[in-house]
Amino acid sequence: MTAEEYDRILQRLGREPSYTELGLFSALWSEHCAYKHSKVFLKRLPQTGPHVLQGPGENAGALDIGDGWAVVFKIESHNHPSFIEPFQGAATGVGGILRDIFTMGARPIAILDSLRFGDPNDPKTRHLIHGVVSGISWYGNCFGCPTVGGEIAFAPEYAGNPLVNVMCVGLVRADRIFRARAEGVGNPVFYVGNKTGRDGIHGATMASATFDEGAEAKRPTVQVGDPFTEKLLLEACLEAMATGAVVGIQDMGAAGLACCTSEMPARSGTGMTVELASVPQREEGMSAYELLLSESQERMLIVAERGREEELRRVFAKWELDAVQIGEVTAGPDLTVRHRGDEVARVPVDALAEAPKYEKPYAAPAWLKELRAFDPLALPAPADYDEALRALMGAPALASKEWAYRQYDQQVGVNTLVLPGSDATVLRVKGTRRAIAVSTDGNGRHVFLDPRRGAAMAVCEAARNVSCAGGRPLGVTDCLNFGSPERPEILWQLAEAVEGLAEACRALELPVVGGNVSLYNETSGLAILPTPVVGVVGLLEDASQLATQWFKAAGHRIALLGPDAVSLGGSEYLWTRHGKQGGALAPLDLELERRVQAAVRAAIGEGLVTAAHDCAEGGIAVALAEACVTGKTAIGCEAALPAGMRADLTLFGEGPSRVVVSVEGGRAREFEALMAESAIPWQWIGATGGARLRLRVGGEMVVDVSVDHLEHAWRNGFERHMA
């Protein structure tokens with residue numbers, strides 16, 4: 001808390017705050033809870049649309065998907081805790097996002113994790129990867145929610161601050177969504193779930209500060225999870241909601257009891273009184289300050305309908321969980337906190353919920369112009385393109401992540417139609433013909449070079465992944481991971497990235513229904529790459545009309561949809577082969593992006609496409625290689641690619657709006673007719689078959705490599721670091 005913020009508190013209260021009140025303000029006004037530096041930018045994001053049932057401001061967003069169903073989803077970060085204590089940090093990140101979903105009345109059906117680490121050759125990085133992946137798998141597997149997708153990327157800038165972003169998706173009847181509100185003066189306030197301990201105190205404020213060499217001393221601020229209790233809490237909450245006795249509900253996440261006892265009444269224009277002595281405790285002698293700010297896991301605050309208290313208690317007793325009345329809703333405007341009858345805090349709820357909002361100066365860094373001016377084509381071309389492609393397929397960022405996702409239960413609940421390893425995950429909606437497709441994406445190097453275009457490209461790629469599965473993208477959740485906003489160049493990155501997200505979402509008609517901002521991701525002055533991670537949820541009207549990225553048989557024709565324009569700027573090839581970062585990104589035409597995605601979906605819906613794969617990191621050469629090797633049976637192909645300035649640019653250059661599809665030979669005419677109607681650039685480039693990947697550029701055969709060799713490099717490229 002700054003001196004100026006403390007002065008604001010004095011002015012609002014008209015007196016000195018007590019120690020407990022100061023704790024309330026410091027937590028609720030932390031960046032992690034209040035978004036002090038980011039709210040001014042977030043209002044630029046489109047938040048409404050025909051499918052939106054709940055936008056930002058609640059535990060999670062919700063979209064109508066038809067047949068009386070809604071999909072509820074959100075992405076959150078647990079970056080700082082996961083660096084300090086990777087297993088529990090990642091595990092409790094999963095627990096927190098699961099609670100955000102089921103507090104809306106939805107049953108969680110899928111988890112996706114988007115992870116960033118430093119160099120996997122570094123033993124400390126390997127320790128972090130092992131801990132984070134183990135924590136995610138332990139919590140999700142024990143709770144009983146499948147982990148079905150996500151991504152893992154690497155860059156030196158993440159060495160001191162790994163990113164652990166977790167997205168959760170749930171389903172609920174559209175007319176049974178619950179919200180975090182404290183309505184009805186006189187209604188009882190119940191504490192339900194696990195008992196409160198001293199773990200996690202100052203978690204929100206820890207997440208709102210940069211690190212130094214003493215970061216690991218903050219281990220006591222990391223929460224400790226219990227997924228078995230969370231499973232009981234899920235069932236108890238959903239059963240309690242079904243009784244009609246629940247008026248409002250909120251997870252005790254960041255800032256614990258302090259957060260929900262202020263935010264819930266603030267949303268409803270009410271107040272609340274709380275007696276802390278009634279809070280179930282698992283440690284002796286806890287002070288009022290500790291009880292309010294503890295971030296012990298698996299806890300909820302429920303506002304119940306007056307007169308139905310016993311109904312609520314019976315439900316939670318059945319599941320062997322505490323359900324204790326600790327207060328009631330008042331007419332407002334204060335949160336009044338007592339401890340053993342003594343008043344320890346009395347603060348207007350809107351003072352806690354309305355933290356200062358900053359509009360600070362920002363500017364592009366001086367070094368960026370020179371970085372963008374770098375020409376990757378000034379570097380030597382590969383002498384051996386076969387070897388260059390094998391190396392790229394074996395690079396940790398592009399290689400198979402099976403080592404991670406085989407630790408996850410991917411099919412509990414039997415909703416998963418497309419397992420991890422394709423462009424997007426597809427999940428059935430039981431009792432209907434529908435399915436939902438989900439993907440996460442984010443490229444820190446792109447955003448580092450051009451925050452606005454890089455962020456827009458992240459939206460496009462996540463949506464394109466969903467379209468390549470056959471889904472129509474409906475909405476977005478985002479997790480904005482940046483360094484310290486107190487540095488003008490970092491704040492500029494954030495502002496530009498949000499503008500890019502907004503532009504892309506408007507062009508693709510995708511509302512942003514919720515998300516998370518994680519700032520201060522830096523250690524000893526070294527910030528992470530600016531990394532907005534975008535999660536997109538889409539709808540398949542018919543679950544049988546889905547597509548995956550791998551070739552299915554020999555003799556299918558291959559088409560490239562989208563523009564030829566690509567760049568080696570910020571590419572995986574430039575980093576993997578030359579260890580350099582720089583250059584300009586390829587151009588982005590958002591209207592063309594929209595048409596390409598619509599064309600892909602139409603072709604899949606007509607049954608014309610046997611495989612569809614987004615061209616992303618590694619360019620078209622990697623996209624074709626992945627289509628050859630990522631299925632159960634490797635299938636080769638031969639393709640002739642348009643000539644560019646140089647073969648490595650054509651093969652490995654990256655650019656938006658490009659999709660590779662395969663089509664059965666007998667349906668080529670139908671496909672051509674559909675493409676003519678779509679008014680997009682496209683071309684036939686080759687055919688599937690054989691045991692080799694053969695690529696011509698401008699008529700010259702530049703790649704002729706065994707598919708088995710590519711598959712070996714791809715399957716072992718990441719796992720060899722973890723062995």
Side-chain angles (χ1 to χ4, degrees), residues 75-79 81-83 85-98 108-118 120-154 158 162-169 222-228 230-231 297 394-427 438-440 533 535 629-630 632 711 714-723:
I75 191 168
E76 279 272 10
S77 64
H78 235 221
N79 304 335
S82 299
F83 176 64
E85 213 304 302
F87 181 89
Q88 287 294 350
T92 51
V94 173
I97 197 66
L98 286 165
I109 63 167
I111 297 164
L112 297 90
D113 52 90
S114 185
L115 313 176
R116 303 291 185 278
F117 299 101
N121 288 309
D122 181 353
K124 185 165 186 177
T125 296
R126 290 198 296 274
H127 164 73
L128 290 171
I129 296 171
H130 276 282
V132 165
V133 171
S134 296
I136 290 169
S137 65
W138 173 72
Y139 206 103
N141 293 356
C142 293
F143 176 86
C145 186
T147 302
V148 297
E151 50 183 339
I152 306 177
F154 305 90
Y158 301 116
L163 301 186
V164 178
N165 293 182
V166 183
M167 179 177 174
C168 187
V169 179
V222 179
Q223 310 93 328
V224 177
D226 179 354
F228 300 106
E230 179 124 330
K231 172 63 173 174
Q297 298 290 285
L398 297 184
S400 170
K401 304 306 186 299
E402 187 179 357
W403 175 88
Y405 61 70
R406 72 180 174 222
Q407 299 181 49
Y408 307 143
D409 190 327
Q410 305 159 28
Q411 292 183 304
V412 59
V414 293
N415 294 308
T416 313
L417 299 177
V418 176
L419 297 173
S422 194
D423 279 338
T425 292
V426 180
L427 303 149
V438 192
S439 179
T440 64
V533 173
V629 306
T630 53
K632 290 184 179 178
E711 183 177 18
W714 176 75
R715 291 201 181 277
N716 294 284
F718 173 59
E719 186 162 350
R720 63 189 169 87
H721 293 282
M722 297 296 101

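As the structure is a computational prediction, the values presented were derived from the model and not from experiment.
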Among all residues two or more places apart in sequence or in another chain, which pass the side-chain hydrogen bond (donor to acceptor under 3.5 Å, both in side chains) test with [X]?
{"X": "Thr630", "result": "Gln549"}
{"X": "Asp122", "result": "none"}
{"X": "Thr425", "result": "none"}
{"X": "Arg720", "result": "none"}

(message) With side-chain hydrogen bond (donor to acceptor under 3.5 Å, both in side chains) as the rule and sequence neighbours excluded, what pairs involving residues 405-421 come up?
(response)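 As it turns out, the side-chain hydrogen bond (donor to acceptor under 3.5 Å, both in side chains) pairs with a partner in residues 405-421, which skip direct neighbours, are Arg406-Glu719.
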(request) Can you sort out the partners of Ala91 under side chain to side chain contact (heavy atoms under 4.5 Å, CB included), two or more places apart, ordered by chain and number? (result)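 Ala91 satisfies side chain to side chain contact (heavy atoms under 4.5 Å, CB included) with Gln88, Trp138, Tyr139 only.
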(request) Could I get the full list of side chain to side chain contact (heavy atoms under 4.5 Å, CB included) partners for Ala399, not counting sequence neighbours? (result)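 Ala399 satisfies side chain to side chain contact (heavy atoms under 4.5 Å, CB included) with Phe718 once adjacent residues are dropped.
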(request) May I have all residue pairs that pass salt bridge (Lys or Arg N to Asp or Glu O under 4.0 Å) and include part of residues 137-146, sequence neighbours excluded? (result)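 Pairs touching residues 137-146 that pass the test: none.
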(request) Sort and list the pairs that fulfil salt bridge (Lys or Arg N to Asp or Glu O under 4.0 Å) and have at least one residue in residues 135-153, not counting sequence neighbours. (result)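 As it turns out, the salt bridge (Lys or Arg N to Asp or Glu O under 4.0 Å) pairs with a partner in residues 135-153, which skip direct neighbours, are Arg116-Glu151.
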Can you name the nearest heavy-atom pair linking [X] to [Y], along with the distance?
{"X": "Leu128", "Y": "Pro162", "result": "CD1-CG, 4.1 Å"}
{"X": "Ser82", "Y": "Gly89", "result": "OG-C, 3.3 Å"}
{"X": "Ser114", "Y": "Val533", "result": "OG-CG1, 3.4 Å"}
{"X": "Asp423", "Y": "Ser439", "result": "O-OG, 3.5 Å"}
{"X": "Met167", "Y": "Gly535", "result": "SD-CA, 3.9 Å"}
{"X": "Pro420", "Y": "Gly149", "result": "CG-N, 4.3 Å"}

Does the side chain of [X] reach to within under 4.5 Å of the side chain of [Y], using non-hydrogen atoms?
{"X": "Asp113", "Y": "Val164", "answer": "no"}
{"X": "Leu98", "Y": "Ile111", "answer": "yes"}
{"X": "Val132", "Y": "Leu115", "answer": "yes"}

(message) Applying salt bridge (Lys or Arg N to Asp or Glu O under 4.0 Å), can you list everything that pairs with Arg715, at least two apart in sequence or on another chain?
(response)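 If we apply the salt bridge (Lys or Arg N to Asp or Glu O under 4.0 Å) test to Arg715, skipping adjacent residues, the hits are Glu402, Glu711.
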(message) Taking ring-ring contact (aromatic ring centres under 6.0 Å, His included) as the definition, give me every residue that meets it alongside Phe143, ordered by chain and number, with sequence neighbours left out.
(response)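 Not a single residue meets the ring-ring contact (aromatic ring centres under 6.0 Å, His included) criterion with Phe143.
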(request) Taking ring-ring contact (aromatic ring centres under 6.0 Å, His included) as the test, write out the residues that go with His130, two or more places apart. (result)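 Scan of His130 (ring-ring contact (aromatic ring centres under 6.0 Å, His included), adjacent residues dropped) gives Trp403.
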(request) Look up atom CD1 in Ile136 and atom CG in Asn141, then write down how far apart they are to the nearest 0.5 Å. (result)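 One gets 11.0 Å once the value is rounded to the nearest 0.5 Å.
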